[in-house]
2 protein chains.
Amino acid sequence: MSTITLGIIEDDQLVQESLNEFFNAQAEIDCVLMSSSVEDFLTSIKSLETLPEIILLDINLLGMSGIDGIPLLLNELPKADIIMLTTFEDNDSIYKALCAGACSYLSKKTSLKKIKEAIEVVHKGGSYMSPSIARKIVNSFAPKKNQSNLLTPRQKEIVAEIVDGKSYKMIANDLFVSIDTVRTHIKNIYKALEINSKAELIKKSYDNEL
Amino acid sequence: MSTITLGIIEDDQLVQESLNEFFNAQAEIDCVLMSSSVEDFLTSIKSLETLPEIILLDINLLGMSGIDGIPLLLNELPKADIIMLTTFEDNDSIYKALCAGACSYLSKKTSLKKIKEAIEVVHKGGSYMSPSIARKIVNSFAPKKNQSNLLTPRQKEIVAEIVDGKSYKMIANDLFVSIDTVRTHIKNIYKALEINSKAELIKKSYDNEL
DNA sequence: TGTAATATCACATCATGATGTGATTGTGCG
DNA sequence: CGCACAATCACATCATGATGTGATATTACA
């Protein structure tokens with residue numbers, strides 16, 4: 001197996017040292033750059049001969065946050081894979097990091113052995129998530145338990161049409177009822193969901209809040 | 001650690017045997033039911049004393065597909081966690097299984113040791129994905145390469161407000177411009193995106209097609 | 001049997017959205 | 001310099017959406 005080149009952006013001195021020490025002892029992984037901030041990292045890579053294939057990235061950094069740094073890093077190193085290594089495990093951070101282009105997300109509690117495993121997995125074109133984080137991600141797909149019966153079946157049909165971009169007139173046609181009936185349904189839907197515009201309805205629908 | 005009770009739905013005789021043999025040798029895991037179809041499984045669990053906490057589920061089954069079976073299984077065993085174990089690794093199967101409520105997804109190539117690990121991880125409230133599958137999932141979050149420059153920065157601001165559920169009037173207020181300016185922007189946005197309603201705009205935005 | 005919930009329709013009114021035409025200003029680029 | 005383009009504003013018009021009030025028929029359940 002060829003050596004994997006690694007970059008690390010991490011502002012905690014202790015974590016830096018422990019990672020450095022560990023990877024120095026690993027023949028398969030070569031840490032080519034260690035920085036305390038995204039800004040530093042971006043200037044430093046310009047003078048490197050061998051660029052990192054994998055970047056371990058913290059979120060809570062001096063200067064720019066790791067999440068905001070992802071697009072910049074990918075811009076400079078389009079082929080690099082980014083692995084988040086952070087204490088933040090809230091849905092929002094995870095979601096934002098993945099959307100920005102990170103391809104793996106590890107809790108800082110992860111053992112060095114597992115971090116190494118994750119690096120190797122990512123290098124092979126896969127991805128590894130900490131179990132707790134993977135669970136949060138799958139939960140974001142799963143249907144809400146509050147499969148709330150806020151809406152009647154008929155109302156859900158109407159919502160489906162609206163979300164599909166249909167006008168009242170088209171809905172009336174599709175469902176073989178009058179426009180006024182559609183209006184009434186929508187009025188009741190708005191009341192049930194405590195909203196008052198199509199935009200909010202579509203948003204709720206996409207966010208699975210029905 | 002208390003014993004984990006397991007159910008398996010798998011129609012390949014060989015896989016059944018190899019799983020059975022393996023788990024019989026594991027003190028931590030007790031396979032309480034092995035079926036060849038979702039239908040069989042659902043009738044058989046009625047006569048069980050100890051219900052499975054975890055279900056290993058194949059997709060390609062006689063009768064109902066594993067994916068279609070997920071809601072039925074969760075209905076009977078609301079506390080159970082479902083782990084997919086299948087050769088199907090296409091995005092669509094993965095997406096559908098997770099949306100239906102599966103909480104883990106393993107390739108059939110996964111070693112028995114890793115399957116056991118996955119069961120334990122899931123039992124602790126986490127989730128484990130095969131690396132190749134995890135990668136597909138994260139890719140579904142990542143931004144489209146076609147970060148299309150169809151819209152100007154200002155137009156993107158307007159879209160953000162619309163998607164947020166704001167009316168033209170509110171947008172005009174927020175951005176300190178007149179309603180007519182907002183109208184013009186939206187007109188141009190519609191032209192650029194070849195659409196003609198707010199609903200379609202919000203849809204495109206949520207589907208990352210901007 | 002009566003009441004609640006659902007689904008249907010009507011009429012009215014005002015707000016908002018969609019679309020067209022036209023104009024001004026500033027910025028950047030070849 | 002002149003052109004393209006982004007961003008701003010105005011006026012006009014018609015379609016659509018939001019909201020209220022009221023009514024009828026059906027089903028479902030206590």
Side-chain angles (χ1 to χ4, degrees), chain A residues 71-72 75 143-210, chain B residues 75 143-210:
Chain A
L72 303 181
N75 204 39
K144 300 281 172 292
K145 318 239 154 143
N146 303 337
Q147 248 289 21
S148 62
N149 291 336
L150 285 176
L151 301 186
T152 68
R154 191 58 162 176
Q155 288 173 340
K156 285 176 186 171
E157 283 183 72
I158 304 256
V159 171
E161 298 266 326
I162 295 244
V163 170
D164 222 48
K166 307 278 181 69
S167 71
Y168 292 4
K169 197 185 282 182
M170 295 162 87
I171 297 173
N173 254 295
D174 285 3
L175 301 184
F176 305 107
V177 296
S178 82
I179 290 193
D180 280 311
T181 303
V182 176
R183 281 192 224 266
T184 307
H185 279 304
I186 288 168
K187 229 183 312 180
N188 292 332
I189 290 167
Y190 284 6
K191 201 176 293 172
L193 300 179
E194 296 176 349
I195 57 177
N196 46 33
S197 76
K198 247 194 340 182
E200 290 173 82
L201 179 60
I202 297 173
K203 186 159 65 164
K204 282 210 179 247
S205 169
Y206 271 88
D207 291 349
N208 259 315
E209 286 175 11
L210 295 191
Chain B
N75 203 38
K144 302 281 175 292
K145 318 236 155 147
N146 302 337
Q147 248 288 17
S148 61
N149 290 334
L150 286 175
L151 301 186
T152 67
R154 190 58 163 178
Q155 287 173 342
K156 285 177 186 170
E157 284 184 72
I158 304 258
V159 170
E161 299 266 326
I162 296 243
V163 170
D164 222 48
K166 307 278 181 68
S167 70
Y168 292 3
K169 198 185 284 182
M170 294 162 87
I171 297 173
N173 254 295
D174 285 3
L175 302 186
F176 306 107
V177 295
S178 83
I179 290 194
D180 280 311
T181 302
V182 175
R183 280 194 224 266
T184 307
H185 278 305
I186 288 168
K187 229 182 313 179
N188 293 332
I189 290 167
Y190 284 6
K191 200 175 295 174
L193 300 179
E194 296 177 348
I195 58 176
N196 45 33
S197 75
K198 255 201 324 188
E200 291 173 81
L201 179 60
I202 296 173
K203 187 158 63 162
K204 281 210 179 243
S205 169
Y206 271 88
D207 291 348
N208 258 316
E209 286 176 11
L210 295 191

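In what follows, chains are A, B, ... by sequence order, proteins preceding strands, each numbered from 1.
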A:R154 side, atom CZ; A:I158 side, atom CD1 - distance, nearest 0.5 Å
6.0 Å
Straight-line distance of A:S167 OG to A:I179 CD1, nearest 0.5 Å
7.5 Å
Between B:L201 and the options B:N196, B:I195, B:I186, the side chain to side chain contact (heavy atoms under 4.5 Å, CB included) test singles out B:I195
Whole-Å distance separating the CD1 atom of A:I186 from the P atom of C:dC9:
14 Å
Nearest whole Å is fine: how far is C:dT6 C1' from A:L175 CG?
15 Å
Testing the 3.5 Å rule here: is there a donor-acceptor pair between the side chains of A:T181 and A:S178?
yes
Over all strands shown, is A:S167 touching base, sugar-phosphate only, or nothing at heavy-atom distances under 4.0 angstrom?
sugar-phosphate
In whole Å, I'd like the distance from the CG atom of A:L151 to the C1' atom of C:dA7.
14 Å
Just checking B:T152: base, sugar-phosphate only, or nothing, at a heavy-atom cut-off of under 4.0 Å?
sugar-phosphate
What distance separates B:L175 CG from B:K166 NZ, expressed to the nearest 0.5 Å?
8.5 Å
Span of DNA chain D, from the first to the last nucleotide whose atoms fall under 4.0 Å of chain A heavy atoms
D:dT16 to D:dT21
In plain terms, say whether A:E200 and A:K203 are close enough for a salt bridge, that is, a side-chain N and a carboxylate O under 4.0 Å apart.
no
Rounded to the nearest 0.5 Å, how far does NZ of A:K204 lie from CD1 of A:I189?
13.0 Å
Here's a test of your reading of the structure: between A:N188 and A:D180, which maps to the more 5' nucleotide of DNA chain C?
A:N188
Below 3.5 Å between N/O atoms, which protein atoms pair up with nucleotides 28-30 of chain C? Just atom names and distances, please.
none

A:I179 has an atom CD1; how far is it from atom C1' of C:dA7, in whole Å?
17 Å
Note: for B:I195 and B:T184 on DNA chain C, the residue whose nearest nucleotide lies more 5' is B:I195
State which residue, out of B:K198, B:E157, B:H185, fulfils the side chain to side chain contact (heavy atoms under 4.5 Å, CB included) condition with B:I162.
B:K198
Between the side chain of A:T184 and the main-chain N/O of A:D180, is any donor-acceptor distance below 3.5 Å?
yes
